[in-house]
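Notes follow once the structure below has been shown.
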Amino acid sequence: MSETLISVEDLSLSFPNHQVLSDLTFKVQRGEFLGVIGENGVGKTTLIRVILNQLKPSAGRIKIKNGLKIGYVPQFRNVDVEYPLSIEDFISLNFTGIKLPWLSRKEKQKIQTVIKQVNLEHISKRPLGLASGGEKQKAYLAQALINDPDLLILDESTASLDPNTKRELLDVVLRLNKALGLTIIFVSHDMQVIHEYPDHFLWLTKNGYTAGPISELHNDSKEGEYV
Ligand SMILES: Nc1ncnc2c1ncn2[C@@H]1O[C@H](COP(=O)(O)OP(=O)(O)OP(=O)(O)O)[C@@H](O)[C@H]1O
């Protein structure tokens, strides 16, 4: 039996003088890998902010499963080369509910687990500022995993990575989805990767939206890359 984690019903959101989301209805089931696609300005990030409870819908409803733990991987932001923390220490910053001024053995083990999950073992002691773009995104991914989320949201986290690095990160995300049953919402402009990785899609357009299993995503849209 599938379990609904997020249920969105007739949801609309307007900013002053500007309707962004209109009559949106979809569900996210546990274990799903949902790709959210759409042109610039169509409301992808706005939708994510509604899911994160940072914005209230103007109309309609969103139901989030009680106690759902969400991990968030932001859009790539370069980290200054002078940034002093090691990748390991950077990841540990995201621990919530730390009771002691130092890390417990269990917390240290957890850090090593997530470092392995994102394939950063070989450079975990390196300052984050010296890591490559792909490695930095993996460090953000590891940070999002540290509190055992049920749902991982990646908001255009691969947008500025080269094609190989992008695939490397998405291979890690797909493994987490398949092996651990982690539910994924992946926001992207890139039709090609939306065809390849997610099992469901939500395609926001200026005039509405389409949603469904990835097999129903139009093949003629494969070529398009929104930038
Ligand atoms: N707080 C706000 N107040 C007013 N307008 C906003 C606000 N936040 C976003 N917008 C506008 O709403 C529209 C949707 O923005 P959003 O960031 O959700 O789009 P997006 O699909 O994520 O775009 P991109 O792909 O460029 O990141 C844009 O026109 C944006 O300028």
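This structure is a prediction, so every number in the text was calculated from the model and none was measured. Order of listing sets the numbers, starting from 1, for every ligand and every atom in it.
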Could you tell me whether some N/O pair between [X] and ligand 1 is separated by less than 3.5 angstrom?
| X | value |
| --- | --- |
| Arg49 | no |
| Val20 | no |
| Gly38 | no |
| Phe15 | no |

Write out the residue and atom name of the closest protein heavy atom to [atom], then the distance separating them to 0.1 Å.
| atom | result |
| --- | --- |
| atom 13 (C) of ligand 1 | Gly41 O, 3.5 Å |
| atom 29 (O) of ligand 1 | His18 NE2, 3.2 Å |
| atom 26 (O) of ligand 1 | Asn40 ND2, 2.8 Å |
| atom 17 (O) of ligand 1 | Thr45 CB, 3.6 Å |

Contacting atoms of ligand 1, where contact means under 4.0 angstrom from a heavy atom of [X]:
| X | answer |
| --- | --- |
| Glu156 | 24 (P), 25 (O), 27 (O) |
| His189 | 25 (O) |
| Lys44 | 18 (O), 19 (O), 20 (P), 21 (O), 22 (O), 23 (O), 24 (P), 25 (O) |
| Thr46 | 14 (C), 15 (O), 16 (P), 18 (O) |

Any donor-acceptor pair under 3.5 Å linking the side chain of Lys138 with the backbone of Ile115?
-> no
Side chain of Asp155, backbone of Val73: donor and acceptor closer than 3.5 Å?
-> no
Can you tell if the side chain of Ile6 reaches within under 4.5 Å of the side chain of Ile62, non-hydrogen atoms only?
-> yes
Side chains of Ile153 and Leu52: does their closest heavy-atom pair fall under 4.5 Å?
-> yes
How many angstroms lie between CG in Asp190 and OH in Tyr197, if you round to the nearest 0.5 Å?
-> 10.0 Å
When you look at Tyr140 and Tyr72, which way does the ring pair (Phe, Tyr, Trp, His ring centres under 6.0 Å) test go after all the steps?
-> CA-CA 9 Å; Tyr140 275 106; Tyr72 178 75; 9.7 Å; no
Can you name the one residue among Asp89, Asn94, Ile146, Ile87 that meets side-chain contact (heavy atoms from CB on, under 4.5 Å) with Ile111?
-> Ile146
Is it the side chain, the backbone, both or neither of Glu39 that has a heavy atom closer than 4.0 Å to ligand 1?
-> backbone
Tabulate below the donor-acceptor pairs under 3.5 Å that side-chain atoms of residues 21-28 make, not counting sequence neighbours, or state none.
residue : atom : partner : partner atom : Å
Thr25   : OG1  : Asp10   : N            : 2.9
Thr25   : OG1  : Asp10   : OD1          : 3.4

Please say whether more than 12 non-hydrogen atoms of neighbouring residues, nucleotides or ligands are located less than 6.0 Å from CD in Glu82.
-> no
Is any heavy atom of the protein nearer than 4.0 Å to atom 31 (O) of ligand 1?
-> no
